[in-house]
Chemist: 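To start, I am sharing the structure in question, which I have written as structure tokens.
Predicted model, so just to flag it, every value in this text is computed and none were measured.
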Amino acid sequence: MNETTLHDLSLQQANEKITQRFLAAVYGWMVAALAISGFSAFLVINSEAALLFIFGNKLVFFGLIIAEVLLVAGLSAGIRKISFTTAALAFIGYSILNGITLSAIFFIYTGGSITRIFLTTALMFSVMSIYGMTTNTDLNSAGRYLMMAVIGLVIASLVNMFLRSSSFDWLLSFITVGVFTGLTAYDSQKILQISQHARQDDTYRKVALIGALKLYLDFINIFLALLRLFGKKR
């Protein structure tokens, strides 16, 4: 084996390691965010003072939701300008806020039901993520339609806030499961493609954060939709 071949082989192995580290960072941040959200929800549920402060005043609860939306929008829009540390803190902050607002589900559904739906979501997410990374099918075109469907879901959900139709809500939940299950595969494929060009610098560390955020949102949306469809209420 000549010197050039050895150099190419070493370079390939180095690139593979960087790719693996990038993917590990993406999924590591995503799992960490889910754990942070779960822990935040647990703390809220077990604190009478927190429950009274958050759910005793609608302005506080909706203020937290607005803060979540602004934090995600700001993180996504400003990711190129901010430092990795700032991006990481914003991501952690969003995970905490989301956990606080998600604690409301414990008032509506039984603990066993929440656990069962969470595990079901984890299984569905894992299968679709693996599919997205292993399929030879280009999911780019599907991703564009799925993103359009997300916009449609947001608009329809806002409309249903006024209609208060349980049948329409059931339909939206069913569609949401399908759309975000598809997005899981699409986002996973995009992340894999990006990982093949990853470098060990702050830019790609921030890209890994955004990838984790997308997968986290896919997971949470599937989980909540399945909970609305199959969750056992108290």
Side-chain angles (χ1 to χ4, degrees), residues 10-44 63-103 118 121-122 125-126 128-130 132-134 139-140 143-144 146-147 150-151 154 180 182-224:
S10 298
L11 186 61
Q12 181 182 354
Q13 290 174 338
N15 289 336
E16 287 176 354
K17 286 183 179 179
I18 293 173
T19 295
Q20 291 169 0
R21 287 173 185 168
F22 179 84
L23 292 174
V26 171
Y27 284 92
W29 275 110
M30 180 222 161
V31 171
L34 289 173
I36 291 169
S37 295
F39 185 64
S40 300
F42 174 80
L43 291 179
V44 170
L64 290 172
I65 293 177
I66 292 170
E68 283 185 62
V69 174
L70 293 177
L71 197 53
V72 169
L75 180 59
S76 300
I79 191 67
R80 293 184 180 180
K81 299 178 182 178
I82 61 178
S83 67
F84 170 75
T85 300
T86 301
L89 290 174
F91 184 58
I92 292 170
Y94 172 74
S95 303
I96 293 171
L97 284 177
N98 203 35
I100 292 172
T101 55
L102 283 177
S103 64
F118 182 88
T121 303
F125 178 90
S126 299
M128 293 309 296
S129 188
I130 292 171
M133 288 192 170
T134 56
L139 300 177
N140 275 327
R144 287 192 291 269
L146 289 169
M147 289 307 300
V150 170
I151 295 171
V154 171
F180 281 95
L183 276 175
T184 297
Y186 168 74
D187 287 334
S188 297
Q189 186 178 79
K190 292 295 290 183
I191 288 167
L192 178 63
Q193 292 170 351
I194 292 170
S195 74
Q196 293 167 353
H197 304 283
R199 298 188 301 272
Q200 291 180 305
D201 57 25
D202 272 5
T203 298
Y204 273 89
R205 291 170 72 194
K206 291 188 290 185
V207 171
L209 269 181
I210 292 298
L213 176 61
K214 289 183 177 181
L215 292 178
Y216 172 87
L217 291 173
D218 292 339
F219 188 102
I220 292 296
N221 278 286
I222 295 170
F223 170 65
L224 292 177

Chemist: Does K206 reach the main-chain N or O of I79 with its side chain, forming a donor-acceptor pair under 3.5 Å?
Modeler: yes
Chemist: Kindly say whether L139 contributes a backbone atom to a donor-acceptor pair with the side chain of Q189 at under 3.5 angstrom?
Modeler: yes
Chemist: Checking side chain to side chain donor-acceptor pair (under 3.5 Å) for the pair S126/S129: CA distance, chi angles, key distance, verdict?
Modeler: CA-CA 5 Å; S126 299; S129 188; over 6 Å; no
Chemist: Between D187 and K190, is there a side-chain N and carboxylate O pair less than 4.0 Å apart?
Modeler: no
Chemist: How about I194 and F22: do any of their side-chain heavy atoms sit closer than 4.5 Å?
Modeler: yes
Chemist: Taking only residues at least two apart or on different chains, which pairs with a member in residues 68-83 satisfy salt bridge (charged side-chain N to carboxylate O under 4.0 Å, His left out)?
Modeler: none
Chemist: Is the closest side-chain heavy-atom distance between T19 and H197 below 4.5 Å?
Modeler: no
Chemist: Kindly compute the distance separating CZ (F180) from OH (Y186), expressed to the nearest 0.5 Å.
Modeler: 13.5 Å
Chemist: Mind listing the side-chain donor-acceptor pairs of residues 209-224 below 3.5 Å, one per line with the distance, residues two or more places apart or on another chain?
Modeler:
residue, atom, partner, partner atom, Å
Y216, OH, S37, OG, 2.5
Y216, OH, N98, ND2, 2.9
N221, ND2, L217, O, 2.7

Chemist: Assess whether side-chain contact (heavy atoms from CB on, under 4.5 Å) is satisfied between F84 and T203, documenting all intermediate values.
Modeler: CA-CA 8 Å; F84 170 75; T203 298; over 6 Å; no
Chemist: What's the verdict on side-chain contact (heavy atoms from CB on, under 4.5 Å) for I82 and L75, showing C-alpha distance, side-chain angles and the deciding distance?
Modeler: CA-CA 9 Å; I82 61 178; L75 180 59; 4.0 Å; yes
Chemist: Distance only, no hydrogens: is a donor on one side chain within 3.5 Å (strictly under) of an acceptor on the other, for S195 and Y204?
Modeler: no
Chemist: How far does CG of L43 sit from OG of S103, to the nearest 0.5 angstrom?
Modeler: 10.0 Å
Chemist: Considering only heavy atoms from C-beta outward, does the side chain of D201 approach that of R205 to under 4.5 Å?
Modeler: no
Chemist: Quick one: side chain to side chain contact (heavy atoms under 4.5 Å, CB included) partners of I96, sequence neighbours excluded?
Modeler: I36, S40, I92, I100
Chemist: Heavy-atom distance under 4.5 Å between the side chains of S188 and Y27, does that happen here?
Modeler: yes
